Amino acid sequence: MRPPQAAPAESVVGAPRPAGRPDQAHPAGAGGPARSAPPRPQPAAVHHAVLCVKAPAMAASDPDGQLRGHGLHGFYRSGVRVVARMELRLGGIEPLPLQGTLTTAAQARFLGAVRLPGDLDPDPALTVERLRHADGVETVTVRNAGSRPARLPLEIALSTDLGPVAEIAAGHRSPDLPGQVQSAGLRWAGPTHSATVSAQPSPHAVLAGAGVLRWDLDVQPGARWSVELRAELESTVPAPRPPGGRGPGVPLPWAEPEVRCDDPRVALVVSRSLDSLGGLLFADPDRPTDLYLASGAPWRFGLAPADALWAARLTLPLGTRLAAGTLRALARRQQHSAGAGGPGQGGRRPEGLLPGALRHGGPELPPTCTATEATLLFVTVLAEAWRWGLPRAEVAELLPAAERALGALREGLVDGFVTDLSRPVEERAAHPVPARAEVQAQAHRAALHGADLLAAFGRPGAEEWRGWAAALRGRFRERFWLDDLSGGRPAAGLAPGGQPLPAVAAALVHLLDPGLAADGGRHESLLDREQTRLLAQRLAAPELDSGWGLRTLSAKSPRFNPLGHRSGAVRVHETALAVAGLAEAGHENEAGALLEGLLAAAAHFEGRLPEMYAGEQWTPGSPPVPHPGACRPAAVSSAGAAHAVFALAGVRPDVPGGRVLVRPASTAPLGELELTGLRVAGEPFSVRVSRIGVAMVEEASAELQLVAR
């Protein structure tokens with residue numbers, strides 16, 4: 001769930017959210033609305049919408065295909081609603097809806113039926129098919145399967161407000177603009193943009209006042225008639241060029257693997273997850289061959305650095321091109337933002353920090369700082385992309401940005417732990433905030449990954465960072481661990497002064513993600529082996545595992561809300577991280593159970609997992625409850641769903657060391673699994689895992705030594 005935005009990538013960070021969406025943290029001391037304040041508009045809901053997405057464009061409607069001008073309905077481009085209303089009537093009546101579904105992330109098909117006036121046959125003679133593409137093109141086809149000619153008018157009513165998606169998502173609706181006749185369609189002009197809808201063939205009549213295009217049809221038995229409508233947007237004032245989508249001739253930045261599995265849900269989830277990611281691809285305006293993923297549609301249709309880095313990291317088994325493009329795009333923004341003050345800061349923004357807003361942490365935890373998360377994750381993604389085969393020259397080009405990120409971390413400790421790196425050092429010391437457990441895990445991993453890079457590239461500081469990580473590890477094990485009757489568990493955070501925050505939250509899965517190390521190994525975790533075992537038990541317990549995935553907050557909490565973004569909903573990527581982390585730590589049964597929950601949920605979402613859904617307990621015969629404000633698609637959930645499958649194959653490369661470790665889950669929870677067309681060292685890599693958990697590498701670069709455990 002993300003703040004609504006679809007304009008230039010940088011503006012996504014800290015964008016306003018629709019009313020009622022708690023992902024943006026409130027400033028300290030902010031109160032609720034005054035009693036005399038007017039009621040807020042009802043925010044747009046999208047859980048039943050059919051969303052077509054191809055950056056920077058999208059389209060949204062109900063499953064009947066009609067764009068009615070309410071809610072989020074419409075065609076959008078670069079954050080502006082190009083068309084709000086596109087209602088079709090044949091012979092004065094709306095077609096009876098039969099089906100409305102996505103065929104790809106970018107295209108939807110809607111089918112309706114119409115009976116001919118006066119026809120005594122109860123079966124409808126006419127079908128109306130609408131093929132809609134996110135980029136603003138819609139083809140309407142009328143087919144006559146009856147025995148009589150169909151002579152009746154087709155009317156399409158159009159209007160728009162040229163409104164920004166952020167305001168529309170929050171429930172605001174501007175008045176429609178007056179339409180004007182233009183060649184084969186209509187035109188609308190606003191203060192900053194104009195929009196046109198043209199038709200081929202041209203309509204027989206255009207009623208500008210009513211916004212109606214009309215054709216007088218004569219469709220003979222067995223014949224069909226089609227019209228193509230094209231919606232386009234133009235800027236009428238000088239403005240910076242917004243980010244565009246993947247251009248013609250620019251290949252996808254990942255391999256498209258072939259997946260074969262005993263469980264038929266697996267191939268569907270992987271293929272549709274990658275298709276969804278394709279709709280979120282943006283090209284960096286400074287270098288159009290550098291691609292990165294938008295956070296999600298419709299709310300966060302632009303660059304959110306932490307989400308873009310997570311998605312790039314989770315898709316590394318498919319190649320390093322997405323990681324390289326994302327890292328380069330963010331390194332340019334890191335350089336531009338160095339020394340600039342952040343929102344609400346009284347001092348200088350630390351050198352090396354990436355952009356990112358505070359997000360609400362839920363009712364029991366402090367806000368999360370996505371600038372901190374992105375800055376630390378930058379180092380990890382660069383180090384792991386290098387292990388997967390990012391060329392040395394490209395790593396060296398990005399190494400200064402990683403060193404700047406480490407520089408932001410260097411002065412980041414307050415009372416021995418990392419909190420919000422975006423605040424000036426003096427402010428952190430004078431006004432300390434709680435330290436979250438997952439931030440310590442991310443900082444520890446970044447320090448070790450930074451040490452790996454510095455040592456490999458002959459830069460100073462590697463041993464210093466290893467010592468820094470070891471000291472943090474010791475403090476964490478001493479102060480974050482809570483003993484209880486079940487054996488103990490990590491605290492979710494520490495309040496200023498050292499008081500543990502006892503919330504049981506899915507964010508603890510980050511403690512199971514120490515990162516890829518040399519020879520395909522894992523870096524040392526903040527938790528020891530026994531603590532990891534106890535955390536695995538806690539994650540597998542019903543208080544967190546809903547049967548559909550991990551709840552963000554324990555169901556035992558008095559503040560539990562199954563639809564709460566951070567208070568009980570299932571966020572897909574946290575469950576995916578748990579699957580991978582548990583499997584790698586040897587807790588394969590727990591990993592398999594969580595993966596089964598994700599696959600079961602995916603089956604109800606047609607293989608396209610949304611950003612999140614309700615954390616209600618699984619019951620036989622009942623589907624998961626959708627969240628009305630979840631992004632669909634969302635980059636991190638789509639990448640996470642695919643990653644959860646890839647993780648069970650256990651492919652852990654160290655391309656600089658010339659080795660690949662393959663250690664699949666011995667329990668083989670998916671049965672036989674074959675992954676063809678992964679990428680290691682830029683070359684195809686294929687592996688098959690048998691039903692008894694034995695891996696066989698069937699294709700790999702001749703330069704790599706294969707190691708099985």
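Keep in mind that this is a model prediction, so the values were computed, not measured.
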Distance, nearest 0.5 Å, that separates CG of Leu544 from CG of Leu594
9.5 Å
So, Asp452 and Arg387, do they make that salt bridge, N to O below 4.0 Å?
yes
Would the distance check show the side chain of Thr667 and the main-chain N or O of Asn589 forming a donor-acceptor pair, the cut-off being under 3.5 Å?
no
Output the distance between atom CG (Leu309) and atom OG1 (Thr380), rounded to the nearest 0.5 Å.
9.5 Å
Quick check: are there more than 12 heavy atoms from other residues, nucleotides or ligands sitting under 6.0 Å from CD of Glu584?
yes
May I ask you to test the Val504-Arg538 pair for a side-chain heavy-atom distance under 4.5 Å?
yes
Closest approach of Leu376 and Ala446, non-hydrogen atoms and distance?
O-CB, 3.6 Å
Flag the pair Val570 / Pro562 as yes when at least one side-chain heavy-atom distance between them is below 4.5 Å, and no otherwise.
no
Can you confirm whether the side chains of His573 and Ser637 place a donor and an acceptor under 3.5 Å from each other?
no
Are any of the side-chain heavy atoms of Trp388 and Val655 separated by less than 4.5 Å?
no
Report the distance from atom CH2 of Trp548 to atom CG of Leu609, rounding to the nearest 0.5 Å.
11.0 Å
Using the rule given for side chain to side chain donor-acceptor pair (under 3.5 Å), can you reason through Ser666 versus Glu588, listing the C-alpha separation, both sets of side-chain angles and the distance that settles it, and then say yes or no?
CA-CA 8 Å; Ser666 60; Glu588 296 175 355; 2.8 Å; yes
From OG1 (Thr575) to CG (Asp545), nearest 0.5 Å:
8.0 Å
Using 4.0 Å as the upper bound for N to carboxylate O, is an ion pair formed by Arg436 and Glu364?
no
Ring centroids only, cut at 6.0 angstrom: are His444 and His523 within range, meaning strictly under it?
no
Among Arg475, Arg479, Arg428, which residue meets the salt bridge (charged side-chain N to carboxylate O under 4.0 Å, His left out) test with Asp415?
Arg479
Does NZ or CZ of Arg392 lie under 6.0 Å from the centre of the six-membered ring of Phe457, at an angle within 45° of the ring axis?
yes
Glu530 bridged to Arg533 by N-O distance under 4.0 Å
yes
Would Arg404 and Thr375 satisfy side chain to side chain donor-acceptor pair (under 3.5 Å), going step by step from the backbone distance to the final call?
CA-CA 9 Å; Arg404 287 192 291 272; Thr375 301; over 6 Å; no
Would Arg659 and Asp519 pass as an ion pair if we require N to O under 4.0 Å?
yes
Decide yes or no for Asp420 and Leu358: does some side-chain heavy atom of the first lie under 4.5 Å from some side-chain heavy atom of the second?
yes
Tell me yes or no: between the side chains of Glu373 and Trp310, is some donor less than 3.5 Å from an acceptor?
yes
Atom CG in Leu398, atom CG in Leu382: separation rounded to 0.5 Å?
5.5 Å
Would you say the side chain of Glu590 lies within less than 4.5 Å of the side chain of Leu539, judging by non-hydrogen atoms?
no
Determine whether Leu535 and Leu527 satisfy the following criterion, side-chain contact (heavy atoms from CB on, under 4.5 Å), listing intermediate values before the conclusion.
CA-CA 9 Å; Leu535 176 57; Leu527 302 179; 3.7 Å; yes
Exercise: identify the closest heavy-atom pair between Ala491 and Pro500:
CB-CB, 4.0 Å
Any donor-acceptor pair under 3.5 Å linking the side-chain atoms of Arg473 with those of Gln440?
no
Test: Arg551 and Glu543 ion pair at under 4.0 Å
no
Could you give me the CA-CA distance, side-chain angles and deciding distance for Thr368 and Arg359, then say whether side chain to side chain donor-acceptor pair (under 3.5 Å) is met?
CA-CA 5 Å; Thr368 61; Arg359 288 185 185 168; 5.8 Å; no
Ser638 side-chain N/O to Ala635 backbone N/O, donor-acceptor pair under 3.5 Å
no
Can you tell which of Leu526, Asp528, Leu534 makes a side chain to side chain contact (heavy atoms under 4.5 Å, CB included) with Trp481?
Leu534
Separation of Glu397 CD from Leu327 CG (nearest 0.5 Å)
10.0 Å
I'd like to know if Asp307 and Arg571 make a salt bridge, using a cut-off of under 4.0 Å between side-chain N and carboxylate O.
no
Ion pair Asp513/Arg522, N-O distance below 4.0 Å:
no
